[in-house]
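These values consider heavy atoms only, across backbone and side chains, with no hydrogens, waters or symmetry-generated copies. Every number for a ligand or one of its atoms is a count from 1 in the order of the listing. The residues of the chain are indexed from 1 along the displayed sequence. What you are looking at is a predicted structure, and each value in this text was computed from that prediction instead of being measured.
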Amino acid sequence: MPESNPTWRERLHYFEAEQDALVRTIREFVEIESPSDNKPAADRMGRFLAERFEAFGGRPRFHPTDDFGNNLQIDFPGADPDRDKKPVLLLGHFDTVYPLGTLASMPCHETDACLHGPGVLDMKSGIALMLYAIEALQSWHSGLPRPVTVFLVSDEEVGSTSSRKITESLARESAAVLVLEPAAGTRGAVKTARKGVGDYILTVKGVAAHAGLDPGKGHSAILELARQITAVSKFNDLQRGVSVNPGVVRGGTRTNVVAAEATVEIDVRIKEAKQAVSLDRKFRALRPFDKRCKLTVEGGINRMPMERTPGVAALYKKAQLIAKQIDWKLEEAAVGGGSDGNFTAGIGIPTLDGMGGAGQGAHAVHEHIVISELPRRALLLAGMIETA
Ligand SMILES: [Zn+2]
């Protein structure tokens, strides 16, 4: 173990020596399945994590929810309570998109210096990085240089409905937010901008009729929906970063019935907060082409964009300086996916996202992290906890 306040090189060596233990921990996390929609499974993961963080001196506390796993907050006091430094918030989620039983067909395993498994990149490696960065800081400084709040939510993959308010209120008490979502790309860039994300549901009620006996009497909800989808697809404005994707359609009952009902679920993405209003106005202005059909529009933007504010840019600058100490040219990226970082940046708290594992295939069968990237990412996180 290095002396107190080791050099950056010593810190890197410290984490290189920890690499195998870190991989074992990530593996343990991956092997406890925790889909967003399975409360008992997610709660099991939450309890396991609470114990691990408690072992390093954290004070765990659950925020109970009915529909998802209980959200887990862990507070770490700073070593010197008189120094009155604001905490830094480490934000993550322990839910995954994989249904229970996925491990059977997608086991956690190591090949070609990568660790594979459901949720390994998004974002169980990020949670393990938090744990090891905290442990390292404690051993280098005999205590944490400032208070740290860890918040691990259980419903990030399904919109964070139960955790959002808590995330925002913890962020308001913090100097900065570090989000342990996966890094962008194989070079491990941090994320300084994210698109805003939302969903719309269009439902058409038509008039049913027998397709053979009374074809003229029906007003097809499916036909109406098809025309609405064509109208909605014109909302796309890729140049300005607005995209609209009708991703799921449902409707009708049988081929010989003029359909009485049909719906489409639409994913929308925006680059700037102000685009939310104009896009919403367009959705609300949709009217049926067939006057006998009724159209309802539900939904809206769920996560506003994470914009690259001066606060975000300043955090990235700090991260770059830390990386430079070990000759790492840390890049930044703007991405299309949203995270809880959108919430914290949206209320004006400096947020740096993509601080977690580096790899590929989030939400896909080839999801993996690059093991050799772990030490420097842990070093970056520890450094940012000190300086953010
Ligand atoms: Zn994630």
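Counting non-hydrogen atoms of neighbouring residues, nucleotides and ligands closer than 6.0 angstrom, the CZ atom of Arg187 reaches no more than 12 such neighbours.
Cluster membership check: Met304 shares its hydrophobic cluster with Ile266, using side-chain heavy-atom separations under 4.5 Å among Ile, Leu, Val, Met, Phe, Trp and Tyr. Hydrophobic clustering, with ILVMFWY side chains joined whenever heavy atoms are under 4.5 angstrom apart, groups Val264 together with Leu286.
For Asp155, there are no salt bridge (Lys or Arg N to Asp or Glu O under 4.0 Å) partners, not counting sequence neighbours.
Closer than 2.8 Å to the Zn ion (ligand 1) sit the protein N, O or S atoms His93 NE2, Asp122 OD1, Glu181 OE1, Glu181 OE2.
Glu33 and Arg44 are not joined by a salt bridge, as no carboxylate oxygen comes within less than 4.0 angstrom of a charged side-chain nitrogen.
Within the 4.5 Å cutoff, side-chain heavy atoms of Phe94 are placed close to those of Ser154.
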